[in-house]
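Since the model is a prediction, treat every value here as computed from it, not as a measurement.
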Amino acid sequence: QVQLVESGGGLVQPGGSLRLSCADSGRTFTNYAMGWFRQAPGQEREFVAGVTSSGSKTVYADSVKGRFTISRDNGKNTVYLQMDSLKSEDTAVYYCAAALQFGYRIPTYSRGYDYWGQGAQVTVSS
């Protein structure tokens, strides 16, 4: 069973940084690719970044490429999203998600994921 809990959200000024964490309390974390999604008010949930179960491969949405970094620590059952150079348009609820790993596939769509965290609010505003 995978149980995901996000932390690290908050209010930050434009140009600032935040790091989100997502911890899994289960015992099968290394079987799953992990992804981060976000959803702004009135908008659909969108893919932000993903990482394979081993951490060897990552993929990013064009809107965050070069500013956000996804990583994972399998010893701590945790995946991270380091967000730098934040913009007002990054304001959203951020969700982590787990997808059973097949090969090196990283789903970039919501239906590709089996488990979801509860979400963490990130607000970028001066």
Of all the heavy-atom pairs spanning Val2 and Leu4, show the shortest one and how long it is.
CG1-CD2, 3.6 Å
Run the side chain to side chain contact (heavy atoms under 4.5 Å, CB included) check on Gln39 and Tyr94 step by step: do they pass?
CA-CA 7 Å; Gln39 188 167 20; Tyr94 284 71; over 6 Å; no
Main-chain N/O of Ser53 paired with Asn74 side-chain donor or acceptor, under 3.5 Å
yes
For a quick test of reading the model, state the closest non-hydrogen atom pair linking Arg38 to Val64 and the distance between them.
NH1-CG1, 4.0 Å
Any donor-acceptor pair under 3.5 Å linking the side chain of Gln13 with the backbone of Val124?
no
Side chains of Leu11 and Ser125 in contact at under 4.5 Å (non-hydrogen atoms):
yes
Gap separating the OG atom of Ser63 from the CD atom of Glu46, nearest 0.5 angstrom:
5.5 Å
Stepwise, does the side chain to side chain contact (heavy atoms under 4.5 Å, CB included) test hold for Phe47 with Tyr113?
CA-CA 11 Å; Phe47 174 81; Tyr113 288 81; 4.0 Å; yes
Any side-chain to backbone donor/acceptor pair from Thr78 onto Lys76? Under 3.5 Å, distance only.
yes
From CG (Leu86) to OG1 (Thr91), nearest 0.5 Å:
8.5 Å
Using atom types as modelled and distance alone, determine if a side-chain donor or acceptor of Gln101 lies under 3.5 Å from a backbone N or O of Gly103.
yes
For Thr52, the option from Lys57, Arg72, Met34 that meets side chain to side chain contact (heavy atoms under 4.5 Å, CB included):
Lys57
Rounded distance (nearest 0.5 Å) linking atom CZ of Arg67 with atom CG of Asp90:
4.0 Å
Could you tell me whether the side chain of Asp84 and the main chain of Gly16 form a donor-acceptor pair under 3.5 Å?
no
Give the cluster check for Ile106 versus Val79: same hydrophobic cluster or not, with ILVMFWY residues linked at side-chain heavy-atom distances below 4.5 Å.
no
Checking Ser110 now: which residues fulfil side-chain hydrogen bond (donor to acceptor under 3.5 Å, both in side chains) with it, not counting sequence neighbours?
none
Do Val51 and Phe102 sit in the same hydrophobic cluster, where Ile, Leu, Val, Met, Phe, Trp and Tyr count as joined when their side-chain heavy atoms come under 4.5 Å apart?
yes
Please lay out, stage by stage, how Val122 and Leu18 fare under the test side chain to side chain contact (heavy atoms under 4.5 Å, CB included).
CA-CA 9 Å; Val122 172; Leu18 274 178; 3.9 Å; yes
Rounding to 0.5 Å, atoms CD1 (Ile70) and CE (Met83) come to a distance of 11.5 Å
For the residue pair Leu20 and Ala120, what are the closest heavy atoms and their distance?
CD2-CB, 4.5 Å
Answer yes or no: does atom CD of Glu89 have more than 12 heavy-atom neighbours from other residues, nucleotides or ligands under 6.0 Å?
yes
Can you name the nearest heavy-atom pair linking Tyr104 to Ser56, along with the distance?
CE2-OG, 3.9 Å
CA sep, side-chain torsions, deciding dist, call: Tyr115, Gln3, side chain to side chain contact (heavy atoms under 4.5 Å, CB included):
CA-CA 7 Å; Tyr115 300 96; Gln3 294 180 313; over 6 Å; no
Using every non-hydrogen atom in the two residues, find where Val48 and Leu81 come nearest and quote the distance to one decimal.
CG1-CD2, 4.2 Å
Scan residues 54-90 for pairs that pass ring pair (Phe, Tyr, Trp, His ring centres under 6.0 Å), counting only residues two or more places apart or in two chains.
none
Would you check if the distance from the ring center of Trp116 to the ring center of Phe37 is below 6.0 Å?
yes
Kindly compute the distance separating CD (Gln82) from OG (Ser17), expressed to the nearest 0.5 Å.
5.5 Å
Closest heavy-atom contact between Pro107 and Ala99?
CG-CB, 3.9 Å
